[in-house]
Amino acid sequence: MTRRAALAAPLALAALSSARAQAQTQAPWPSASVRIIVPYSPGGASDIAARLLGERLTPLWGQSVVVENRTGANGIIGTDVVAKSAPDGLNLAFVSVNHAVNAALYTTPFDTLKDFSVLSLIYSVPLVLVAAADFPANTVSELMAMVKAKPGEITFAGTGGAVHLAAEMFAHRAGGQMTQVPYRGSTAAHPDLMARRVDVMFDTLPAVLGHVQGGKLKAIAITSAERSAVLPNLPTIAESGLPGFEAATWGAIIGPARLPPAIATKISTDANAQLQVPAMRERLVSLGATPVGTTPETAQTFVRDEVAKWQAVVTQAGIQKQ
C-alpha cells in the first residue's frame, strides 16, 4: 500500500461509518414491532381505543402494533415501563386522566412532566353531575346553595381519580364542602344514588346516560366546556354559575422523554389521521368519547395543565399525597 493510500484509508472508513450512521438515522420508522402499553384492565375505553389504533396502524407502519395490558397502582406500573424505555418510539402507552391525577395523588417513580413525550390527545369524555330523580336541587345554582347552607352534609359518591376530584373541585368553587362516600366503581354507586343513600355523583357520560334517559337519575349539568350533542339541553357547569369549570376523562398516547422530533411527529400525525376515518370516529363516539387529535406540543401543554389543575384540587381539599 502506498503512503497516499494508507493516509486515505482512515478517511474512507470514517466516511463509510458516517454514511451508515446517516442511513440508519434516515431509515424508515418503525424498524421493528411497536408495543402500546395500556396500564389498565382490558375492556375499558383506553384499552378499546388503543386496540383500534393498533389495528389501523399495523398496515400503515408495516410492523406489528401490539397492545399489552400492564396493570397495577392506578396505571403507574405500566407507564413506568415506558418512562424507562429507550427513546426510539417502539414502546408507547395509552393513558387516561389518571396519568395526570396520579401526579397529584401519589409519589411516582417517574416525573410525569419530564419523563414522557405526550404525542396526541386522542379523545375526551365529559363527566355528568347526576342525582336521584327526586333530589331537591335541579340546577347547579340550587346545588351550590345547598352546599353553602349545609357544609359537609351533602354527600357525593367517589370512585377515585377525576370522578372524585371533580366533586372536590365543585365543592371548593361553590364555596362549601361535600362529604365523600367511597365506592369501588360506578356499578356499586348507582343503586345508592337512585335510592338517595348518597346525594350526588360526577360520572362519565356513557356510565350514566342509560339511567338518565330512563328517568332513574337526574342530570344536573355536564362538565365539558361545551354542551354535548348527546344531551344538548343539558347545560354545562361553566355556563351555570362556575365559569371555567371543566373536568373530563381522556385518552392520550405517550412515549418516553427525548423522542426524536421526527418520530414523535410521525406517531402523532398517523394516529390523528385514523381519527378522521368514519368507522374509527363512530366507534369512539359509541363509547361516549369525542375524538380530538392534537400535535405533540398541544398534547404536552394539555397534560401539564391537567396536572396543575388536579394538584390544585388536591391541595385545596387537604388530601395527603400517598
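Scope of the values below: all heavy atoms of this structure, side chains included, with no hydrogens, waters or symmetry mates.
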Side-chain contact, heavy-atom cut-off 4.5 Å: [X] with [Y]?
X    : Y    : answer
L209 : Q213 : yes
H190 : V208 : yes
V95  : F116 : no
Q180 : F156 : yes
Q63  : L90  : no
W250 : V292 : no
E306 : V97  : yes
W29  : I267 : yes

With a sphere of 6.0 Å drawn around [atom1] of [X], does it hold more than 12 non-hydrogen atoms of other residues, nucleotides or ligands?
X    : atom1 : result
K321 : NZ    : yes
K266 : NZ    : yes
E226 : CD    : no

With the 4.5 Å side-chain cut-off for hydrophobic clustering, are [X] and [Y] part of the same group?
X    : Y    : result
F110 : I77  : no
I254 : Y106 : yes
V65  : V277 : yes
V67  : L60  : yes

So, does [X] use its side chain to make a donor-acceptor pair with the main chain of [Y] at under 3.5 Å?
X    : Y    : value
T179 : E153 : no
T265 : P261 : yes
K218 : A137 : yes
T159 : R184 : no
R51  : G43  : no
S224 : V125 : no
Q300 : V118 : yes
R281 : L275 : yes
S228 : V230 : yes

Practice task
Using only heavy-atom distances, determine whether the side chains of N98 and Y40 contain a donor-acceptor pair under 3.5 Å.
Solution key: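 No, because no side-chain N or O of N98 sits under 3.5 Å from a partner of the opposite role on Y40.
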Practice task
For D203 and S186, test the side chains for any donor-to-acceptor distance below 3.5 angstrom and give the result as yes or no.
Solution key: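 Yes.
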Do you know the tightest heavy-atom contact between [X] and [Y]?
X    : Y    : answer
N272 : T295 : ND2-N, 4.4 Å
S268 : S120 : OG-CB, 4.0 Å
P109 : I76  : CD-CG2, 3.5 Å
D80  : K84  : OD1-NZ, 2.5 Å
N102 : T108 : O-CG2, 4.1 Å
A252 : L121 : CB-CA, 4.2 Å

Once you round to the nearest 0.5 Å, how far does [atom1] of [X] lie from [atom2] of [Y]?
X    : Y    : atom1 : atom2 : answer
R304 : L113 : CZ    : CG    : 7.5 Å
D192 : T155 : CG    : OG1   : 9.5 Å
L242 : R173 : CG    : CZ    : 5.0 Å
R197 : D199 : CZ    : CG    : 12.5 Å
L287 : E282 : CG    : CD    : 12.0 Å
L57  : I36  : CG    : CD1   : 6.5 Å

Exercise for the section: Before giving the answer on side-chain contact (heavy atoms from CB on, under 4.5 Å), spell out for I220 and V140 the whole-Å C-alpha distance, their side-chain angles and the decisive distance to 0.1 Å. Expected result: CA-CA 7 Å; I220 298 174; V140 168; 4.2 Å; yes
Problem - Partner set under side-chain contact (heavy atoms from CB on, under 4.5 Å) for T139, not counting sequence neighbours - result: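 Listed in chain order: S141, E142.
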Practice task
Under the side-chain contact (heavy atoms from CB on, under 4.5 Å) rule, collect the residues that match up with S85, sequence neighbours excluded.
Solution key: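 side-chain contact (heavy atoms from CB on, under 4.5 Å) list for S85, sorted by chain: V82, N91, P256.
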Exercise for the section: Taking only Lys NZ, Arg NE, NH1 and NH2, and the carboxylate oxygens of Asp or Glu, determine whether D305 and K309 approach each other closer than 4.0 Å. Expected result: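 So D305 does not pair with K309 through a salt bridge.
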Exercise for the section: Inspect the contact between R227 and E239 and indicate whether a charged nitrogen and a carboxylate oxygen are less than 4.0 angstrom apart. Expected result: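 Salt bridge present between E239 and R227.
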Problem - Mutual orientation of the aromatic rings belonging to F202 and F170 [parallel < 30°, tilted 30-60°, perpendicular > 60°] - result: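 Judged by the thresholds at 30° and 60°, the geometry between F202 and F170 is tilted.
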Handout entry: Single hit among I48, T71, N69 for side-chain contact (heavy atoms from CB on, under 4.5 Å) with V38
Key =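 The single option meeting the side-chain contact (heavy atoms from CB on, under 4.5 Å) with V38 is N69.
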Exercise for the section: Test W61 against S33 for side-chain contact (heavy atoms from CB on, under 4.5 Å), laying out the working first. Expected result: CA-CA 9 Å; W61 289 346; S33 62; over 6 Å; no
Exercise for the section: Determine, stepwise, if the pair L129 / T223 fulfils side-chain contact (heavy atoms from CB on, under 4.5 Å). Expected result: CA-CA 8 Å; L129 171 58; T223 63; 5.7 Å; no
Problem - Test log, rule side-chain contact (heavy atoms from CB on, under 4.5 Å), inputs F94 and I122 - result: CA-CA 9 Å; F94 198 104; I122 298 299; 3.8 Å; yes
